[in-house]
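Since the structure comes first, as structure tokens, the remarks are kept for the end.
Note on naming: letters A, B, ... go to the chains in the order of the sequence lines (proteins, then strands), and numbering restarts at 1 for each one. Small disclaimer: the values here were computed from a predicted structure and weren't measured.
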Number of protein chains: 2
Amino acid sequence: MQLAPHDAAADSHAPSRAAHKIIMKRMEREPIRIEALKVACSSCNLRELCLPVGLSDDDLDHLDQLVGSRRPVKRGDTLFHAGDRFESLYAVRTGFFKTCVSADDGRDQVTGFQMAGELLGLDGISTDRHACDAVALEDSQVCQIPYSQLEKLSRESTPLQHQFHKIMSREIVRDHGVMLLLGSMRAEERLAAFLLNLTQRLQARGFSASSLVLRMTREEIGSYLGLKLETVSRTFSKFQDEGLLEVKQRDIRVLDESGLRRLVNGPAC
Amino acid sequence: MQLAPHDAAADSHAPSRAAHKIIMKRMEREPIRIEALKVACSSCNLRELCLPVGLSDDDLDHLDQLVGSRRPVKRGDTLFHAGDRFESLYAVRTGFFKTCVSADDGRDQVTGFQMAGELLGLDGISTDRHACDAVALEDSQVCQIPYSQLEKLSRESTPLQHQFHKIMSREIVRDHGVMLLLGSMRAEERLAAFLLNLTQRLQARGFSASSLVLRMTREEIGSYLGLKLETVSRTFSKFQDEGLLEVKQRDIRVLDESGLRRLVNGPAC
DNA sequence: CGGTAGGTTGACCACGGTCAAGTTGGGTGG
DNA sequence: CCACCCAACTTGACCGTGGTCAACCTACCG
């Protein structure tokens, strides 16, 4: 199932930064009452990507009742910090996040980038404390899902339980894919795999498969991919020289998707 | 909580390879009827590490009913392959496993090593197919847990549901730690972190914190750590030269644990 | 219009990969 | 029981990818 390409709520990737800024300015001028931000899961355009997948109308109503109001998170703001008490999961409604863990000595590692319909906070369940930071990379909105209530509801709704388990399992599978990337791919393959993953996810949300705006810095990409920012930058330039991409700072146009794909699936062939 | 150090069932790490062989020979001479292999969760020495954590006696009985008999898996045998239909989770009862994912071009990556009390197969939930191979690194036994029944029971038992979610979440947190390792640590730090993690887990199972037998090859360690086997071997030798370890093939004795710890938490200090 | 964060590019170098030769030790068959 | 075999491991020499350091550029913001 694919979402309508120009749904307003999920459109945050499409407009230029300038347009985006205008929208945000408008929101500041005309503050909306929190209650107005509440959008029912049942009418959410992300319901086919998010927690509600497979739920009956009845269950959906129950889910609606426990999902709190949409909460805005400004670009650069932290949704939760490592060590914070874990109480809720968050579904990204609009915008873009990164999660990162840090070692004792300060080094840190971006563990993922989350876009609309993806869940944040699953790491907190294990110890009742969040194990990573979640930071908004653009002005965003999240739906807060109190965890204890989700557990309760998923005892009553088999499809919800099942979907929730699937989402956790999918995160595990994704992580294993990242390990494969970090453990055995070279710089070019990593960046190609990263771009293909991003475009594929954007496409699933109704956006173009060939043009995207990176919401993260070269350093954040590098951290995620286990590379230094200079290497990321150089590799972008290389891809551009080879005609695979057009790179203008954070605006990327994919010119040769199959070329990227060839890079990932064995540079020997 | 710590398990008794010399419980027979969990003792597979302690005996030398020779002793282990003798035990295995004996098992072959005197085959035990499958039914006899069934060990109730309620009387399992791993119940404080495994799925039963926090369960009431009543819930434990229910869990006992759904957990199938112990199933032996020979060293080198595969418990499940990537692509196999997912039906059950498996709890390692004795022995040692690795899980690995493989890319289209054949490269593969060890994503984890599992010992007694740890769960295998969580990756299968997301797509109803296993996403990795699970291979026994020594003669092992697993408890088979039919997933649909586990879901059912965890709708009826809040503590079971909670514990199951914690286990999945813990796997996610672990994976993020591995990403940190793969993304930002150098060879020595990786190996030191790996050894500390192993000894810590063995210790939680009642074994010595300072001497261990590696059940995996240098190549498997390398795959897990994103290094080549030669680098693993060289780094072991280096640690030995520096007096951190005593290395005799797969027998490792940790001589300076805090030295290892210092390596991991910032080599600068 | 200047300041600053983010991005690009170059020169150099080191960590770890590659290739190759040699060693060790457990398992097998005569 | 010993000899042989092979997989696993070790070590050395060399090399390449990507890290480091530094200078410079670009876009955005106050």
Between C1' of D:dG16 and CZ of A:Arg186, the distance in whole Å: 9 Å
Closest to the B:Arg218 side chain, choosing from C:dG7, D:dC9, C:dG17: D:dC9
CD (B:Glu219) with more than 12 external heavy atoms under 6.0 Å: no
Side chain proximity check, A:Leu245 to A:Phe236, heavy atoms < 4.5 angstrom: yes
Nearest to side-chain heavy atoms of A:Leu229, which nucleotide of C:dT8, C:dG16, D:dT17: C:dT8
Test: B:Arg205 and B:Glu118 ion pair at under 4.0 Å: yes
Quiz item: B:Glu230 side-chain donor-acceptor pair to D:dC9 base, under 3.5 Å: no
A:Gln240 CD - C:dT8 P separation (whole Å): 9 Å
Touch class at under 4.0 angstrom, heavy-atom based, for A:Gly226 against every strand present: sugar-phosphate
Spacing between A:Glu219 atom CD and D:dT20 atom P, to the nearest angstrom: 12 Å
4.5 Å side-chain heavy-atom contact, B:Ile221 and B:Leu191: yes
Under 4.0 angstrom between A:Arg250 side-chain N/O and C:dG7 OP1 or OP2: yes
Residue-phosphate contact under 4.0 Å: A:Ser237 side-chain N/O, C:dT8 OP1/OP2: no
Protein-nucleotide distance (A:Gln249, atom CD; D:dC29, atom C1'), rounded to Å: 15 Å
Members of residues 190-198 of chain A that approach DNA chain D, where some heavy atom sits under 4.0 Å away: none
Closest listed nucleotide, where the reference is the side chain of B:Thr217 and the choices are C:dT18, D:dA8, D:dG19: D:dA8
Side chain proximity check, A:Lys98 to A:Met216, heavy atoms < 4.5 angstrom: no
Chi angles and distances behind the side-chain contact (heavy atoms from CB on, under 4.5 Å) call for B:Ile172, B:His176: CA-CA 6 Å; B:Ile172 291 171; B:His176 290 180; 3.7 Å; yes
Nucleotide of C:dG7, D:dT11, D:dC9 approaching A:Ser233 most closely (side-chain heavy atoms): C:dG7
Value in whole Å for how far the C1' atom of C:dG27 lies from CZ of B:Arg75: 11 Å
Close side-chain approach of A:Met179 to B:Val110, heavy-atom, < 4.5 Å: no
Protein-nucleotide distance (B:Arg234, atom CZ; C:dA14, atom P), rounded to Å: 17 Å
Nearest-Å distance for atom pair CD1/P, residues B:Ile252 and D:dC9: 10 Å
A:Leu227 side chain, from C-beta outward: closest of C:dG16, D:dG19, D:dT10: D:dG19
For atom CG of B:Leu245 and atom P of D:dT10, their distance in whole Å: 12 Å
